[in-house]
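When a residue number appears, it is its place in the shown sequence, counting from 1.
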Amino acid sequence: MPTIASGAIRNLPSVVQEAGGDSAAVLRSVGVEPEVLGDVDARIPVETLHALWEAVLAVVPGAGGAVLGAERYSPGDYGLVGFVAMNSGTLREAIGHAVRYMGLWTDEPGMALESDGTLRIVYRTPFADRIGLRFATEATPAEILHAARMVTQKHIVPREVRFMHPGPRDISLHEEFFGCKVTFRADDIAMLFSAEDLALPLPKADEQLGAYLRSVANQALEKRGGTEDTPLDHIRGIIAEQLQQGVPSLDQVAKGMATSERTLRRRLEAEGTSFRALLDETRALLAQGYVRDKRLPLSEVAFLLGFSEPSAFHRAFKRWTGTTPSAFRARA
């Protein structure tokens, strides 16, 4: 059962309270005790979040829209994921870190930041279509955009926002918040950033703190996955994170680990491997996972792995697996 940190619902009861309703009663109606909101380690089923949206809407029709609810959150409300993102060098790095560590916050939805600036949001669990799911889906890019505006101190406007579900009759609230074209009944869920916005620096970021927080997040992510964090796992994680911006160099990965190129090379030699071999291995592992996800077009998988051309990805995939991506997907 996919879960999400209890912090995801922490600010929703205030909507009811401000309208004069009983927020504790609304929480209990979906099986959540109010004390859970104060437990930073608590997680709730994602479906409970959907049910809570509907319970809030029953008391406060409209509830200001999921997009306005986003303005109630700040990056620090997202725990370790938020603090890692806040202490990144650029917006692209911040979103990339958020994508990598999102599992510490929620099991659903999954996200990928593509090389063209598209933040793609994908549900891997077939939730039943309901109003609560639609509101939660709309809140996801809205909260990310609001956080991006806060950490860059710029009023960022995406190029486009897309949702797969039907929209309300009046989408003026959405267009006002995002400041761009908002499309419903689209083929995917995505928000498109410009290269200029993704390159924006984060004025209040602390580089040393960011490196430390990433190491903590890597350990937490490994523990959540139920495996031990090894040195090679850590390096693979940094490579996977940086692949979203193109094929990383040894120096770039070393900087991502807050170490020197020479130290990283020696560490790899001690593990009996090389940077080139580990990079290739990491791409191969990621490729198989991406190709299994039939909702991702193969052309996009190529870019997610840092390939400039789909043909180069196809050749590499056949070298890794002995078969083509299409054939591998058909058997998955």
Side-chain angles (χ1 to χ4, degrees), residues 7-8 10-11 64-102 104-106 109 111-121 136-163 171-183 186 188-214 217 241-246 248 252 255-256 303-304:
R10 189 168 298 133
N11 293 329
V67 292
L68 291 189
E71 296 180 337
R72 295 174 178 270
Y73 290 85
S74 65
D77 288 330
Y78 302 96
L80 183 56
V81 179
F83 287 115
V84 169
M86 288 164 62
N87 288 284
S88 304
T90 65
L91 180 59
R92 180 183 286 278
E93 291 177 13
I95 295 177
H97 290 148
V99 166
R100 168 162 170 68
Y101 301 118
M102 190 54 66
L104 298 177
W105 177 256
T106 182
M111 299 182 200
L113 179 62
E114 299 172 7
S115 56
D116 67 350
T118 300
L119 178 64
R120 196 171 302 283
I121 299 166
T137 300
E138 291 170 21
T140 299
E143 289 174 19
I144 291 170
L145 179 60
H146 178 61
R149 287 168 174 169
M150 291 187 72
V151 297
T152 60
Q153 299 179 8
K154 301 286 185 183
H155 186 74
I156 293 170
V157 174
R159 290 183 292 165
E160 184 185 0
V161 175
R162 300 191 295 262
F163 297 108
I171 64 170
S172 60
L173 188 63
H174 297 75
E175 292 179 333
E176 181 182 352
F177 177 85
F178 289 109
C180 65
K181 179 182 178 182
V182 180
T183 303
D188 60 357
I189 307 167
M191 180 162 57
L192 286 65
F193 290 95
S194 69
E196 292 77 15
D197 285 338
L198 289 174
L200 287 170
L202 276 55
K204 295 186 177 180
D206 184 312
E207 184 178 349
Q208 289 185 325
L209 177 59
Y212 170 72
L213 290 171
R214 288 195 298 276
E241 175 187 313
Q242 295 191 356
L243 273 171
Q244 298 168 43
Q245 303 171 45
Q252 288 172 321
K255 287 178 179 176
F303 290 113
L304 283 172

Apply side-chain contact (heavy atoms from CB on, under 4.5 Å) to L173 and V67, showing your working. CA-CA 8 Å; L173 188 63; V67 292; 3.9 Å; yes

Donor-acceptor list for residues 151-158 side chains, cut-off 3.5 Å, not counting sequence neighbours:
{"from": "T152", "atom 1": "OG1", "to": "A148", "atom 2": "O", "distance (Å)": "2.7"}
{"from": "T152", "atom 1": "OG1", "to": "K154", "atom 2": "N", "distance (Å)": "3.3"}

For the [atom1] atom of [X] and the [atom2] atom of [Y], what is their distance to the nearest 0.5 Å?
X	Y	atom1	atom2	value
I189	M111	CD1	CE	10.0 Å
L80	R214	CG	CZ	11.5 Å
M86	Y78	CE	OH	12.0 Å
I95	L91	CD1	CG	4.0 Å
R100	L243	CZ	CG	11.0 Å
I171	F163	CD1	CZ	10.0 Å

Going by the salt bridge (Lys or Arg N to Asp or Glu O under 4.0 Å) test, which pairs reach into residues 173-182, not counting sequence neighbours?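 Passing the test, one end in residues 173-182: no pairs.
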
So, does [X] use its side chain to make a donor-acceptor pair with the main chain of [Y] at under 3.5 Å?
X	Y	answer
D77	S74	yes
Y73	A8	yes
N87	E207	no
S88	V84	yes

Less than 6.0 angstrom from the centroid, inside 45 degrees of the normal: does R149 satisfy that with respect to the ring of F177?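 The answer is yes; both the distance and angle limits are met.
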
Could you go step by step and tell me if D188 and R120 meet the salt bridge (charged side-chain N to carboxylate O under 4.0 Å, His left out) rule? CA-CA 8 Å; D188 60 357; R120 196 171 302 283; 2.3 Å; yes

Distance-minimising heavy-atom pair for [X] and [Y]:
X	Y	answer
A112	V99	CA-CG1, 4.1 Å
A98	V81	CA-CG1, 4.0 Å
L202	A85	CD2-O, 3.3 Å
S115	F303	OG-CB, 3.8 Å
Q242	Q252	NE2-O, 3.0 Å

With side-chain contact (heavy atoms from CB on, under 4.5 Å) as the criterion, how do L119 and I144 come out once you've worked through the C-alpha distance, each side chain's angles and the decisive distance to 0.1 Å? CA-CA 10 Å; L119 178 64; I144 291 170; 3.6 Å; yes

Under the side-chain contact (heavy atoms from CB on, under 4.5 Å) test against L113, which residue among R92, M191, E93, H97 passes?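 When side-chain contact (heavy atoms from CB on, under 4.5 Å) is applied between L113 and each of R92, M191, E93, H97, only R92 qualifies.
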
side-chain contact (heavy atoms from CB on, under 4.5 Å) evaluation trace for F193 with L145: CA-CA 10 Å; F193 290 95; L145 179 60; 4.3 Å; yes

Give the C-alpha distance, both sets of side-chain angles, the deciding distance and a yes or no for side-chain contact (heavy atoms from CB on, under 4.5 Å) between T137 and I121. CA-CA 9 Å; T137 300; I121 299 166; 5.7 Å; no

